[in-house]
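Contents: one structure, followed by commentary.
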Amino acid sequence: GQQLNQSPQSMFIQEGEDVSMNCTSSSIFNTWLWYKQDPGEGPVLLIALYKAGELTSNGRLTAQFGITRKDSFLNISASIPSDVGIYFCAGQPRGGTSYGKLTFGQGTILTVHP
Amino acid sequence: GAGVSQSPSNKVTEKGKDVELRCDPISGHTALYWYRQSLGQGLEFLIYFQGNSAPDKSGLPSDRFSAERTGGSVSTLTIQRTQQEDSAVYLCASSLGRTQETQYFGPGTRLLVL
């Protein structure tokens, strides 16, 4: 099925460093979402973006909804060991029968060295 | 608990056997989604329920896959005549049902077909 192009696939960083990851799509989305998944768990929502150009922060996390509606990025500042996990972007289309249906990126595996 | 629950947490089966996976959504959530996550991949949409009806079944990979929801609550995903390529984590999510409502994910069922 359709997937978003998410990069990088993996990152190995030192504690305290900043992290940036992004997603691009050939399709326009109405909503962009960023999730984090820990081992053995389901994804947990970090940030939701609803308007083109919107910049939203949640603690050390900052995400932006691209002007073209086809891309988004997530920044994590001052990383800590508990930031380890897999980060997914997800796009949600406009209404109709597919409303609510999420299209996910392939994920970015983040490793933080103490 | 208050979250989405899924059972079983793990399932090992032999090729050709049928399996049933269960999802208990958050109480009051009218929308329910099934996703599949293959090893090292993002989540792939399977089916969406609004109440007991499924307006979007577009993600079901073959006619061996089916799902139902009864009483606007519990949902069962059935895979008939399982194949090795069906091995994956099957995730369920629920939301209040209105557009742009947050989807809350369960921990998933890890299916291994031998």
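Computed from a predicted model, the values in this text were never measured in an experiment.
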If you group Ile, Leu, Val, Met, Phe, Trp and Tyr by side-chain heavy-atom gaps below 4.5 Å, do Trp34(A) and Ile13(A) land in one group?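 Yes, one cluster joins them.
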Determine whether Phe105(B) and Val89(B) fall in the same hydrophobic cluster, where Ile, Leu, Val, Met, Phe, Trp and Tyr are linked whenever their side-chain heavy atoms lie under 4.5 Å apart.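 Cluster IDs for Phe105(B) and Val89(B) match.
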Above 12 or not: heavy atoms from other molecules or residues under 6.0 Å from [atom1] of [X]?
X        : atom1 : answer
Glu15(A) : CD    : yes
Leu39(B) : CG    : no
Glu14(B) : CD    : no

Rounded at 0.5 Å granularity, tell me how far CG in Leu46(B) sits from NZ in Lys101(A).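 Those atoms lie 10.5 Å apart.
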Can you tell me which portion of Gln37(B) sits under 4.5 Å from chain A's heavy atoms? Options are side chain, backbone, both or neither.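 The answer is the side chain of Gln37(B).
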Can you say whether Tyr104(B) sits under 4.5 Å from chain A via the side chain, the backbone, both, or neither, judging by heavy atoms?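 Tyr104(B) has no heavy atom closer than 4.5 Å to chain A.
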Quickly, which of Tyr48(B), Tyr33(B), Tyr35(B), Phe45(B) forms a side-chain contact (heavy atoms from CB on, under 4.5 Å) with Leu102(A)? Name it, please.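 For Leu102(A), the side-chain contact (heavy atoms from CB on, under 4.5 Å) check succeeds only for Tyr35(B).
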Begin from the C-alpha positions of Gln37(A) and Leu91(B) and carry the test side chain to side chain contact (heavy atoms under 4.5 Å, CB included) through to its verdict. CA-CA 12 Å; Gln37(A) 186 177 29; Leu91(B) 289 155; 4.3 Å; yes
Under a 4.5 Å heavy-atom cutoff, which of Ala48(A), Ala90(A), Gly40(A) has the most pairs with chain B?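 The option with the most such pairs is Gly40(A).
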